[in-house]
Amino acid sequence: MIDRIWIVFAALNGAMAVGTGAYASHALAAQPQAQEWFRIAGQYQMAHALALVLLVALNGRIGGAALRVAGWLFVVGILLFCGTLYALATIGPLPVPMTAPAGGWSFMLGWLALAVAALRARG
């Protein structure tokens, strides 16, 4: 079941990353800072959408709790880091500080959790 959730989330985020890239290129052409925030958010969103697909591919080869933790940390990172950059570009500063850095930490911890899963793998 968790594999399907990761694939669905990955697919939706991949599509959104492509869409936001197009939006940035056309609708934000006159706003270079907003365009840059969208570009960065889209790159991270696509990279971590693909990372979720990787987790599904690795499930069964390596796995366990660390792999699931990595997936959830990637999801949180997408929501916090990418979401914050999209919001900054479209509506301005958010009332909650430090959400983008928290998302960045979530991404890094997700990659470290993936490393732990690999180190714990048998064979």
For residues 88-101, pull every pair meeting side-chain hydrogen bond (donor to acceptor under 3.5 Å, both in side chains), keeping only residues two or more places apart or in separate chains. Thr84-Thr99
Find out whether Ile91 and Leu94 are in side-chain contact, i.e. whether some heavy atom of one side chain is under 4.5 Å from a heavy atom of the other. yes
Which heavy atom of Ala29 sits nearest a heavy atom of Ser25, and at what distance? CB-O, 3.8 Å
Nearest atoms (heavy-atom pairs only) where Ile62 meets Ala121: CG2-CB, 3.0 Å
Has Tyr44 got more than 12 heavy atoms of other residues, nucleotides or ligands less than 6.0 Å from its OH? no
Determine which pairs satisfy salt bridge (Lys or Arg N to Asp or Glu O under 4.0 Å) with at least one residue from residues 91-102, sequence neighbours left out, and list them in order. none
Those residues that, when tested against Phe9, pass ring pair (Phe, Tyr, Trp, His ring centres under 6.0 Å) (two or more places apart): none
For residues 110-119, run the donor-acceptor check on the side chains, cut-off 3.5 Å, and write out each pair with its distance to 0.1 Å, sequence neighbours left out.
{"residue": "Trp111", "atom": "NE1", "partner": "His48", "partner atom": "NE2", "Å": "3.0"}

Using a side-chain heavy atom cutoff under 4.5 Å and only I, L, V, M, F, W and Y, what cluster partners does Val18 have? Met46, Leu50
Summary of ring pair (Phe, Tyr, Trp, His ring centres under 6.0 Å) pairs that have at least one residue in residues 13-39, sequence neighbours excluded: Tyr23-Phe38, Phe38-Tyr86
Suppose clustering is done on Ile, Leu, Val, Met, Phe, Trp and Tyr with side-chain heavy atoms closer than 4.5 Å. Which residues sit in the same group as Val76? Leu80
So, for Asn13 and Gln45, which heavy atoms are closest and what is the spacing to 0.1 Å? OD1-NE2, 2.7 Å
How would you list, by chain and number, every residue that makes a side chain to side chain contact (heavy atoms under 4.5 Å, CB included) with Val8, sequence neighbours excluded? Leu12
Rounded to the nearest 0.5 Å, the CH2 atom of Trp6 sits from the CG atom of Leu67 at a distance of 9.0 Å
How close do Phe74 and Ala51 get, counting heavy atoms only, and between which atoms? CE1-CB, 3.6 Å
Nearest heavy-atom neighbours spanning Ala41 and Cys82: O-SG, 3.3 Å
Smallest separation among heavy atoms of Leu55 and Ala70, with atom names: CD1-C, 4.0 Å
Apart from Trp105 itself, its cluster of hydrophobic side chains linked below 4.5 Å comprises Met108
Sequence neighbours left out, what pairs pass salt bridge (Lys or Arg N to Asp or Glu O under 4.0 Å) with at least one residue falling in residues 16-32? none
Which pairs, with at least one residue in residues 27-43 and sequence neighbours excluded, count as a salt bridge (Lys or Arg N to Asp or Glu O under 4.0 Å)? Glu36-Arg39
Say you draw a straight line from CG of Leu79 to OG of Ser106; how long is it, rounded to the nearest 0.5 Å? 9.0 Å
